[in-house]
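What follows is a set of notes on a single structure, which appears directly below.
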Amino acid sequence: MRLKLKLPNPGLDDRIPSHGDLEKMEKDEAGDRPQWDNKAQYLLTCVGFCVGLGNVWRFPYLCQSHGGGAFMIPFLILLVLEGIPLLHLEFAIGQRLRKGSVGVWRSINPYLAGVGIASMLVSFLVGVYYNTIMAWIMWYLFNSFQDPLPWSQCPLNANRTGYVEECARSTTVDYFWYRETLNTSAAIDESGGLQWWMVLALIAAWTVLYVCCIRGIETTGKAVYITSTLPYLVLTIFLVRGLTLKGSTEGIKYLFTPDVNELMNPSTWLDAGAQVFYSFSLAFGGLISFSSYNSVHNNCEQDAVLISIINGCTSVYSATVIYSIIGFRATQKYDECFGDNILKLMNTFNYPENNITQSNYDEILTHLNHTSPDVIQGLSLQNCDMQTFLSQGVEGTGLAFIVFTEAIIEMPFSPLWSVLFFIMLFCLGLSTMFGSIEGVIAPLLDLKLLPRSWPKEVISGLTCFISLALGLIFALRSGNYWLALFDNFAGSIPLLVIGFFEMISVVYIYGMDRFNKDLEFMIGHKPNIFWQATWRVISPLIMIFILIFYFVTQVTKELTYLVWDQEAESFPTLAERYYPQWIYAMIFILAGVPSLAIPIFALYKLIQRKFCKKDYSDSTVDTISAKIQMSDKMKF
Amino acid sequence: MLGRIVFFLCLPSVLAAQLCKPNAAEGFKVRLSIKTALGDKAYEWNRNQRFLFQAAIAFAMSHHLDLEFNVSNILVCDETPRVSFWFVVTSPDDPSRLVGKESVELAVRASRGRINNILLLNDATLEFVGVLPTLAAPVKPATPSWLIVFGVVIGIVGAGIVFLLVSTVVQKKRKENEVAEEEDDDEEAQMKRTAGNEGIYNTSFSESDRNTQM
């Protein structure tokens with residue numbers, strides 16, 4: 001018995017170009033849509049969009065915290081069952097309907113335009129805070145052109161007898177990040193003022209983005225030759241450098257040591273699923289737009305598989321590189337910790353130098369414990385544990401701006417490594433931003449909110465400017481806390497909701513049979529049983545599971561955030577605080593508004609139809625012949 | 001008589017021994033980490049090196065107080081295999097009187113760099129317990145270097161934006177001219193053709209409004 005579930009969808013044929021129309025458009029090279037110069041540009045842009053900062057600073061952490069090598073199993077399974085089908089779906093639907101996200105969903109069914117609007121809102125909100133991270137990266141990049149690096153030294157206090165207290169109690173890298181970069185306040189409601197250097201960095205980040213996006217894919221297509229390839233080059237350089245450092249193998253071992261028990265833990269599977277979903281930049285609408293610029297017979301199935309493989313391999317590769325450097329740093333700290341203990345023992349008991357080493361430390365300590373235990377107590381020797389050092393703060397901004405920078409200052413020729421590292425992060429983030437901007441501008445053009453006569457340059461300029469203005473909130477002293485808020489709520493649940501609706505819309509509202517025929521027309525063969533099974537059943541189920549679990553965990557857990565507070569007891573570890581009450585309103589705006597845009601728009605359309613009773617076509621006739629500009633010379 | 005002579009001869013060293021002792025009120029503990037600082041090139045701590053240390057302190061005291069200190073004014077005692085010891089400074093006028101702790105501290109701080117260099121050590125490896133090190137302030141250039149890099153980047157990006165915008169405007173103008181020319185050419189060509197066929201060109205079917213406006 002075949003599953004023939006399909007919701008009624010009248011008038012679909014009028015809204016979408018038929019296969020014949022597509023052939024004609026293809027042959028006459030007609031249409032006012034921009035096109036890719038070559039296939040490489042398209043692939044590099046998609047790879048750039050998918051491969052982002054998350055591959056460098058989220059995946060390695062997940063890998064290490066969920067059983068190392070064993071994490072590969074849920075990751076690969078969900079990559080194949082969730083990531084590749086969703087990716088193929090977005091590519092195919094964009095290539096078939098040849099519109100941005102709003103246009104595509106509106107063509108499928110006018111009530112579904114809310115999905116596109118939700119994509120646009122999410123792309124906008126994510127773009128605003130993502131580019132702030134780019135601004136931070138640029139700030140560190142600008143500061144890397146000096147020797148010694150500014151985060152390797154503490155500034156002196158007023159009477160030059162010692163270091164500034166905040167720096168002495170924590171570390172130089174912590175101080176540089178929390179005080180000299182962010183100048184962070186102690187709570188999210190203490191907003192402080194705008195930090196002028198952060199504003200400058202934001203301006204730099206948005207202008208660089210603007211110059212790359214100024215003419216849409218015409219300019220981004222050229223930029224991706226560098227931004228998508230340079231990170232791989234730098235990763236390779238770092239791999240070679242990392243493997244020659246002492247202790248790097250410790251890090252790699254720590255990363256990949258499998259702990260099969262973690263597979264029993266449901267949160268491992270949940271995190272793997274979420275990572276696959278976010279890592280592919282699905283539901284932003286950018287991928288749909290990029291595919292719509294392809295030729296109709298482009299093999300999107302091959303592209304989807306290829307890009308998924310590249311994304312997965314990049315995650316593993318960058319995890320290896322990152323953890324080789326982290327292993328080096330952990331070994332340095334371990335040696336330092338030991339050195340401190342040995343020095344204390346030497347000084348107290350007057351042992352000659354080099355008498356106590358790491359190898360005989362334990363026996364000497366036990367001997368001393370027997371002879372003078374109270375002295376030993378008074379010394380407060382630290383417990384040096386390699387595992388603690390390896391597991392320290394290794395995700396997100398903490399990885400890049402604290403842990404990695406600390407490792408870099410221990411390497412010879414530190415400014416060089418610092419420049420390379422931050423250029424790599426910058427390229428990774430910039431290519432992701434291209435997709436975000438596309439996900440905002442293409443729907444704007446589809447919605448026809450802006451006058452037709454405005455050139456592309458003005459529209460992209462306006463988008464960048466408004467995003468910059470909104471992004472100034474992150475240049476406040478409490479900016480870091482706002483960014484964490486945006487990251488947790490704007491870039492998580494709405495995307496899952498949109499992704500789920502995308503699947504349902506294509507499979508059950510557009511119709512799986514029609515979709516199969518489209519794919520047969522476009523790539524020459526009907527998608528096989530794997531695609532059928534995943535699109536119809538498996539991927540939507542996985543999405544629903546992830547969505548429900550995510551939602552439940554978010555709602556049930558206490559809403560706290562971490563602050564850098566000198567007065568706190570746990571300083572220099574971040575202290576946990578509760579959010580103030582008014583934050584709940586912000587959270588609702590960030591997570592709720594995009595998600596609710598879907599039903600609200602459907603409702604709005606329903607009311608419009610019921611009460612306006614106008615003819616069912618839009619005010620401008622959206623037919624194909626209006627778009628095909630016949631050539632001026634008539635060919636008789 | 002002989003006994004008295006011996007007594008008076010021994011007195012200075014006995015006094016010295018009493019003046020310099022561990023935890024002396026006016027004394028300082030010093031720790032040297034020679035192997036940590038110099039590795040393979042580490043020198044052996046012996047009587048001569050100690051002499052050099054005493055000379056360095058004597059120099060620091062003379063330099064700071066502007067009095068003439070001698071090596072014999074610097075008393076060293078309680079040496080350990082760690083290479084740590086205590087020292088006190090006696091006044092050049094009266095060897096039985098010690099110079100105050102504060103002056104010694106100030107003298108050492110003032111000439112710290114010099115003392116370090118004499119012994120080929122640094123602030124961390126030549127430790128005067130209780131004396132705060134004078135830290136060298138990090139060098140700060142007049143314009144922070146990041147502003148310079150920022151300026152360069154913004155300059156390049158700004159130039160890029162201007163170039164792209166100008167080229168768009170120029171391209172558009174060129175296209176408008178081309179299209180206008182083409183249309184004129186077309187019209188003329190049509191007219192010539194029909195004129196050649198001895199007819200009148202019916203402009204109601206002219207090229208310029210090809211597509212029906214919706």
Side-chain angles (χ1 to χ4, degrees), chain A residues 138-148 150 152-157 159-163 197 200-201 203-204 206-212 214-215 218-219 339 343 346-355 419 455-458 461 620-623 625-626 628-634, chain B residues 29 31-37 39 42 45 78-84 109 124-125 127 129 132-141 144-154 156-165 167-169 172 179 182-183 186 189 207-208 210-214:
Chain A
M138 288 189 93
W139 161 260
Y140 268 79
L141 181 62
F142 294 158
N143 273 295
S144 304
F145 288 96
Q146 45 184 291
D147 191 19
S152 62
Q153 302 165 326
C154 272
L156 300 175
N157 60 15
N159 48 5
R160 292 181 56 178
T161 51
Y163 299 119
W197 59 93
L200 286 183
I203 291 176
W206 282 106
T207 41
V208 170
L209 185 63
Y210 178 51
V211 84
C212 292
I214 193 167
R215 282 196 209 149
E218 209 182 308
T219 39
L343 192 69
M346 265 196 332
N347 287 349
T348 325
F349 294 99
N350 289 321
Y351 279 95
E353 282 184 279
N354 292 350
N355 241 18
V419 168
K456 255 184 284 194
E457 290 85 349
V458 172
T620 60
V621 174
D622 220 15
T623 64
S625 49
I628 297 181
Q629 292 155 359
M630 303 292 197
S631 48
D632 285 334
K633 308 252 184 278
M634 279 258 290
Chain B
K29 180 159 184 178
R31 278 198 208 110
L32 284 87
S33 309
I34 309 171
K35 292 209 181 87
T36 316
W45 181 256
D78 195 38
E79 278 187 48
T80 66
R82 165 75 179 81
V83 193
S84 70
R109 282 187 74 188
T125 43
E127 196 188 338
V129 178
L132 301 165
T134 31
L135 302 161
V139 177
K140 275 195 188 297
S145 69
W146 74 267
L147 267 180
I148 300 174
V149 183
F150 169 77
V152 168
V153 167
I154 289 288
I156 296 177
V157 167
I161 293 177
V162 167
F163 169 73
L164 284 169
L165 287 175
S167 75
T168 315
V169 172
K172 229 185 229 171
V179 171
E182 268 182 28
E183 281 188 355
D186 262 354
E207 295 269 6
S208 44
R210 185 85 194 120
N211 301 331
T212 6
Q213 298 297 337
M214 295 255 190

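Numbers restart at 1 for each chain; the letters A, B, ... are given by sequence-line order, proteins then strands.
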Q) Heavy-atom distance under 4.5 Å between the side chains of B/T125 and B/L32, does that happen here? A) no
Q) Quick one: what part of A/Y210 sits under 4.5 Å from any heavy atom of chain B, side chain, backbone, both or neither? A) side chain
Q | Region of A/N355 in contact with chain B, defined by heavy-atom distances below 4.5 Å | A | neither
Q) With only heavy atoms counted, which part of B/V83 is less than 4.5 Å from chain A, the side chain, the backbone, both or neither? A) neither
Q) Does any heavy atom of chain B fall under 4.5 Å from the side chain of A/N350, the backbone, both, or neither of them? A) both
Q. Heavy-atom distance under 4.5 Å to chain B: side chain of A/F145, backbone, both or neither?
A. both
Q | Reported NZ-to-OG1 distance for the pair A/K456 and B/T168, which is rounded to 0.5 angstrom | A | 9.5 Å
**Q.** CG on B/L164 to CD on A/E457, rounded to 0.5 Å
**A.** 8.0 Å
Q) Is it the backbone or the side chain of A/W139 that comes under 4.5 Å from a heavy atom of chain B, or both, or neither? A) side chain
Q. At a heavy-atom separation under 4.5 Å, does A/L343 approach chain B through its side chain, its backbone, both, or neither?
A. side chain
Q: Please determine, among B/T80, B/I154, B/L165, B/L147, the option with the most heavy-atom pairs under 4.5 Å with chain A.
A: B/T80
Q. Side chain to side chain donor-acceptor pair (under 3.5 Å) with A/W206: which residues, sequence neighbours excluded?
A. none
Q. Rounded to the nearest 0.5 Å, how far apart are OG of B/S145 and CG of A/D147?
A. 10.5 Å
Q: Measure the shortest side-chain to side-chain distance between A/P455 and B/K172 over non-hydrogen atoms and say whether it is less than 4.5 angstrom.
A: yes
Q: Would you give the length of the straight line joining atom CG of A/L200 to atom CZ of B/F150, rounded to the nearest 0.5 angstrom?
A: 4.0 Å
Q | Toward chain B, the part of A/S144 with a non-hydrogen atom under 4.5 Å | A | neither
Q. Taking all non-hydrogen atoms of both residues, which atom of B/R82 and which atom of A/M346 are closest, and how far apart?
A. CD-O, 3.5 Å
Q: With a 4.5 angstrom heavy-atom cut-off, could you sort out which part of B/S84 is near chain A: side chain, backbone, both or neither?
A: side chain
Q: Could you tell me which of A/T219, A/I214, A/L141 has the largest number of non-hydrogen atom pairs under 4.5 Å with chain B?
A: A/I214
